[in-house]
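Numbering of residues begins at 1 and proceeds along the displayed sequence.
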Amino acid sequence: MKNDTLENKKIWVIGASSGIGAALAAELDQRGAHLVLSARRHDELEKISRNFLSPPALMPLDVGDSAALQKAAQESGPFDSVIFLAAVYNPGLLEDMKLADARRTLDINICGAINTIDAVYPAMRQAGKGQIVLCGSVAGYRGLPNSQPYSMTKAAMISLAETLKVEAEPHGINVKLISPGFVRTPMTAQNDFAMPMMIEPEEAAKIIADGLTAKAFEIHFPKKFTWMIKCIAALPYFLYFPIARCILKNKSKKGV
């Protein structure tokens with residue numbers, strides 16, 4: 001976005017029914033944005049938006065359905081900003097992975113993002129403005145045991161955002177990447193290991209909202225944790241793999 005305020009901006013939040021998405025929708029409402037909210041559960045979208053200052057447009061859909069995204073974009077667009085937060089997370093070892101769950105994770109986390117871009121990019125390019133925000137994760141910085149295929153999809157999301165930024169800039173489209181650490185949500189509630197420097201979704205929402213109008217490409221938080229993971233991710237393989245083996249060994253001792 002070219003100015004430093006979100007007031008009166010039309011923002012489509014996809015994956016808004018819980019967690020970071022729900023908190024971000026509430027934060028953007030407080031900042032005066034005009035919201036379009038999407039998720040699979042219409043009842044949850046209604047619930048989170050009951051006390052909003054301005055009633056949002058609710059567009060329930062499954063991001064794996066490209067036709068539904070195209071229809072929603074045509075009916076509710078054009079948008080100043082589109083924020084893709086939809087994700088599926090099923091922690092576990094690759095040897096225990098169910099193929100149906102893996103395919104669903106890929107379909108939502110990556111194909112859903114591509115479907116979203118396909119639905120909104122042409123109109124933004126024609127207008128010569130707009131913003132696309134994709135949500136990665138520190139789990140995508142480097143391959144982590146016990147987190148596939150989620151980590152794989154988040155690594156792909158980082159690559160997608162980086163590529164899209166370079167390609168979209170000449171057309172006046174701003175692209176940003178969100179890289180959260182541990183945030184207290186129904187998703188992280190599935191973890192049975194210690195999650196250092198965890199923050200609440202409301203704090204994450206404020207950081208993201210501030211980042212939407214900042215110059216930086218990546219919105220990552222909490223900074224002490226994400227910079228630590230960035231440093232680990234930069235290690236050569238002969239140093240990184242012993243760390244990854246320790247992570248797996250510690251989880252195995254807990255019966256993971």
Side-chain angles (χ1 to χ4, degrees), residues 1-6 9-16 20-21 24 27-28 31 33 36 38 63 66 69-70 72-73 77-87 106-143 150-181 183 204-223 225-227 229-234:
M1 294 185 182
K2 295 181 179 180
N3 57 40
D4 59 358
T5 178
L6 298 172
K9 296 296 182 181
K10 191 172 187 179
I11 302 178
W12 188 10
V13 182
I14 301 172
I20 295 175
L24 180 59
E27 180 66 24
L28 295 176
R31 299 192 187 202
V36 177
S38 290
V63 296
S66 60
L69 279 161
Q70 291 284 347
F79 306 99
D80 293 296
S81 181
V82 176
I83 306 172
F84 183 84
L85 294 167
L106 290 167
D107 192 36
I108 297 300
N109 296 13
I110 288 300
C111 294
I114 294 172
N115 290 340
T116 299
I117 293 167
D118 184 62
V120 302
Y121 189 79
M124 288 185 177
R125 178 168 174 168
Q126 185 175 11
K129 62 180 181 178
Q131 182 183 68
I132 297 174
V133 184
L134 302 176
C135 189
S137 167
V138 296
Y141 286 172
R142 202 73 184 255
Y150 177 80
S151 289
M152 174 178 65
T153 64
K154 291 307 181 179
M157 187 73 86
I158 292 170
S159 178
L160 176 60
E162 291 170 347
T163 304
L164 184 61
K165 175 179 172 58
V166 176
E167 294 183 4
E169 279 180 338
H171 306 294
I173 302 170
N174 176 249
V175 176
K176 289 190 178 293
L177 171 68
I178 304 170
S179 298
V183 181
K206 286 180 170 59
I207 295 170
I208 294 170
D210 290 341
L212 295 179
T213 56
K215 291 183 179 180
F217 162 66
E218 187 182 23
I219 306 168
H220 61 100
F221 53 87
K223 289 291 179 68
F225 181 71
T226 53
W227 279 116
I229 301 300
K230 284 177 181 288
C231 289
I232 294 174

Worked check of side-chain contact (heavy atoms from CB on, under 4.5 Å) between Ile108 and Thr153: CA-CA 9 Å; Ile108 297 300; Thr153 64; over 6 Å; no
Derivation of the side-chain hydrogen bond (donor to acceptor under 3.5 Å, both in side chains) call for Ser179 and His220: CA-CA 5 Å; Ser179 298; His220 61 100; over 6 Å; no
Working for side-chain contact (heavy atoms from CB on, under 4.5 Å), residues Arg31 and Lys206: CA-CA 10 Å; Arg31 299 192 187 202; Lys206 286 180 170 59; 4.2 Å; yes
Ile173 vs Lys165, side-chain contact (heavy atoms from CB on, under 4.5 Å): CA-CA, chis, key distance, verdict: CA-CA 8 Å; Ile173 302 170; Lys165 175 179 172 58; over 6 Å; no
Leu164/Ile132 under side-chain contact (heavy atoms from CB on, under 4.5 Å): CA gap, chis, key distance, verdict: CA-CA 9 Å; Leu164 184 61; Ile132 297 174; 4.1 Å; yes
CA sep, side-chain torsions, deciding dist, call: Glu218, Lys230, salt bridge (charged side-chain N to carboxylate O under 4.0 Å, His left out): CA-CA 12 Å; Glu218 187 182 23; Lys230 284 177 181 288; 2.7 Å; yes
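In this structure, the side chains of Val63 and Ile14 come closer than 4.5 Å at one or more pairs of heavy atoms. Counting heavy atoms from C-beta outward, Leu85 and Val13 have side chains that approach closer than 4.5 Å. You'll find the side chain of Thr213 stays beyond 4.5 Å of the side chain of Thr5, heavy atoms only. Ile117 places a side-chain heavy atom less than 4.5 Å from the side chain of Leu134. Taking the side chain as every heavy atom from C-beta outward, Cys111 and Ile114 never approach each other to under 4.5 Å.
Using modelled atom types, no side-chain atom of Lys9 and backbone atom of Phe79 make a donor-acceptor pair closer than 3.5 Å. Side-chain atoms of Gln131 come within 3.5 Å of backbone atoms of Leu212 as a donor-acceptor pair (strictly under, hydrogens ignored). Lys176 contributes no side-chain N or O that, together with a main-chain N or O of Ile208, makes up a donor-acceptor pair within less than 3.5 Å. A side-chain donor-acceptor contact under 3.5 Å links Asp80 to the backbone of Lys10.
Summarising the local packing, CD of Glu169 is surrounded by more than 12 heavy atoms from other residues, nucleotides or ligands at distances under 6.0 Å.
Summarising the geometry, atom CD1 belonging to Ile20 is positioned 5.5 Å from atom SG belonging to Cys135; distances are rounded to the nearest 0.5 Å. Once rounded to the nearest 0.5 Å, the distance linking CG of Leu160 with CZ of Phe84 reads 10.0 Å. The CG atom of Asp210 lies 8.5 Å from the CG atom of Leu6; values are rounded to the nearest 0.5 Å.
Pairing each heavy atom of Ala139 with each of Tyr150, the nearest pair is CB-CE2, 4.0 Å. Across all non-hydrogen atoms, the minimal contact from Gly181 to Val138 is CA-CG2, 4.0 Å. The minimum heavy-atom distance between Phe221 and Ile178, with the atom names listed, is CE2-CG2, 3.9 Å. Across Ser137 and Lys154, no two heavy atoms sit closer than the pair CB-CG, 3.7 Å. Across all their heavy atoms, Tyr141 and Ile229 have their closest contact at CD1-CG2, 3.5 Å. Between Ile110 and Met157, the shortest heavy-atom contact is CD1-N, 3.7 Å.
Checked against Ser66 for a side-chain contact (heavy atoms from CB on, under 4.5 Å), the options Asn115, Asp118, Thr116 give a single hit: Asn115.
Using modelled atom types, one finds a donor on one side chain and an acceptor on the other under 3.5 Å when comparing Trp12 with Ser38.
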